[in-house]
Amino acid sequence: MSDVPAFDVQAIRAQFPLLSVTAHDKPLVYLDNGATTQKPLSVLKALDDYYRQLNSNVHRGAHDLADRATRAFEASRRKVAQYVGAARDEEIVWTRGTTESINLVANSYGRNVLKAGDQIVISTLEHHANIVPWQLLCEATGAELKVIPVGDDGVLDQAAYQALLNEKVQIVAFSHVSNALGTVNPVVDMTAKAKAVGAVVLIDGAQSVAHFDVDVQAIGCDFYVFSAHKMFGPTGMGALWGRYALLEAMPPWQGGGEMIDQVSFEKTTFNVPPFRFEAGTPDISGVIGWGAAVDFMQSLDKEGMRAHEKDVLDYALAKAADCEGLKLVGESPDRAGVMSFLIDDSHPADVGTLLDRQGIAVRTGHHCTQPLMQRFGIPGTVRASFALYNTRADVDALFVGLEKVKTFL
Amino acid sequence: MIALTPSEHFLANPLGVSPTAKLLGQQLAELPDWEQRYAAVIALGDHIPPLAEGDKIDANLLHGCQATVWVVHHVDPVTGLLYFLCDSDSRIVRGLLACLLCLYNAQKPADILSIQAKPWLEEVGLVRHIASTRSNGLWAMLGKMKAVASRY
Ligand SMILES: Cc1ncc(COP(=O)(O)O)c(C=O)c1O
């Protein structure tokens, strides 16, 4: 589109008020975007406008205000649906986030379909959110959990994955982008392999949606789960995208208002998806705020954005290669948004603390991927994670900060 | 190096004897900025005699902190004083533990129970400078020392 202005990182930064705050009296350098991203003015305004001008309960309105709130709410569903390439809006189920989306699939689809002796395949790279719900499901059903190994470079072993696949495998779940290492998994190919043995595929998109366009049709998966707060939207808001036929066959998970068709004490019938899975009053402002975040993303020069993000990440990796004592954890050639590392044998938490004192926000620890850290035999890493508003100057600040850290440890 | 018997190992720990908490407090409070305070705390950690490898076992692990922390103790049968040794894979945590040792090592159990750590840590400017996530190890260690003291 020719009317989209070329990507200008300074103009983008100006839209994120939080980037101007200080931390420990230093200008904040925010490199913890894997944990959550900051919010642009348009999202803040949408949240504010909602409570000032639109607040009322959705889908139950007998009045104009409720109708308008419902329209805004459903318009957001359309935006999010289009953002990931859903075939129809009704394939988007609102949840509290990636975590709840995975739990929904495990509890509704999983419990309905799995039986003893079946298998679930996940990967070593997974966030606890994409491990624990499957473990609980295995305990409940007698199914078995199998794990795709990862190489020293942080790349999944595709041959080992292929070897794990057989007709007992009912569900395959893996991340699009690893939150701990930044590895981008070959999701199209991995999905095709799983489909070849008839498995249903869930992809954890928590770390991908802020960095590149997702097209669930092109991937060919069955479920795609993601969170608003990792793509410049509000916290506590997320979605499950699922193929409509699958959603339709799934029983409800949580019961309550909104998800029913008819209720009597003898028999209750359930609403159609997505409403069947949206019991209770939803996070209406969160939904509307997320719609604004999608609008923000869609207004960008995507190619320019990707080129900028690649430039910043490549710049960081080049600096890392020159930084004495720095050891990268995860060296996938295909990566997004994340640089995980250790400094000599310093504890990552010490590095993080001393960076924090300098106003540089990174995350340290296991990043909710303890099995992955065990695989590498380390207590955790220091993770700098980037978003579209980060710059080479942020990277410079990080490495100046690291030089100072080294004088302490 | 002459091998120390386990109890000599504890007696070789200078923290709490010299520097005492009072002296350390004065030194830390006089430092002008966070950098020097952190450097001093980290350097203090190096004064803790190393823990015997055999003591680095799960039974001696302190839970509740991001870093790994081991703690062992010893009561001198003659003086009745309570001694502690500890170690951590985090240099900052080890330094903070050393600060606590200045306050509590080589003390009577009753004194360990009565001496309050928080006002002292505030006074010397440490509380303000420790990220809340990092202070966990400190409070866990404090709880451990008080619990041990209450048994004697
Ligand atoms: C890969 C991945 N999966 C799942 C989650 C959980 O997301 P949420 O906390 O928004 O449910 C995260 C967030 O850290 C993540 O990075």
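Quick note on labels: first sequence line is chain A, next is B, and so on, each numbered from 1. Basis for what follows: all heavy atoms, side chains included, without hydrogens, waters or symmetry-related copies.
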Chemist: One thing to verify: whether Glu35(B) and Arg357(A) come together as a salt bridge, which I'm taking to mean a side-chain N less than 4.0 angstrom from a carboxylate O.
Modeler: no
Chemist: Identify the two heavy atoms, one from Ile92(B) and one from Asp350(A), that lie closest to each other, and give their separation to 0.1 Å.
Modeler: N-OD2, 3.1 Å
Chemist: More than 12 heavy atoms of other residues, nucleotides or ligands under 6.0 Å from NZ of Lys26(A): yes or no?
Modeler: yes
Chemist: How many angstroms lie between atom OH of Tyr38(B) and atom OG1 of Thr407(A), to the nearest 0.5 angstrom?
Modeler: 13.5 Å
Chemist: Check whether Ser346(A) gets within reach of chain B through its side chain, its backbone, both or neither, counting any heavy atom under 4.5 Å.
Modeler: neither
Chemist: Measuring from Arg91(B):CZ to Phe408(A):CZ, what's the distance to the nearest 0.5 Å?
Modeler: 11.0 Å
Chemist: In this structure, are over 12 heavy atoms from other groups packed under 6.0 Å from Arg96(A) atom CZ?
Modeler: no
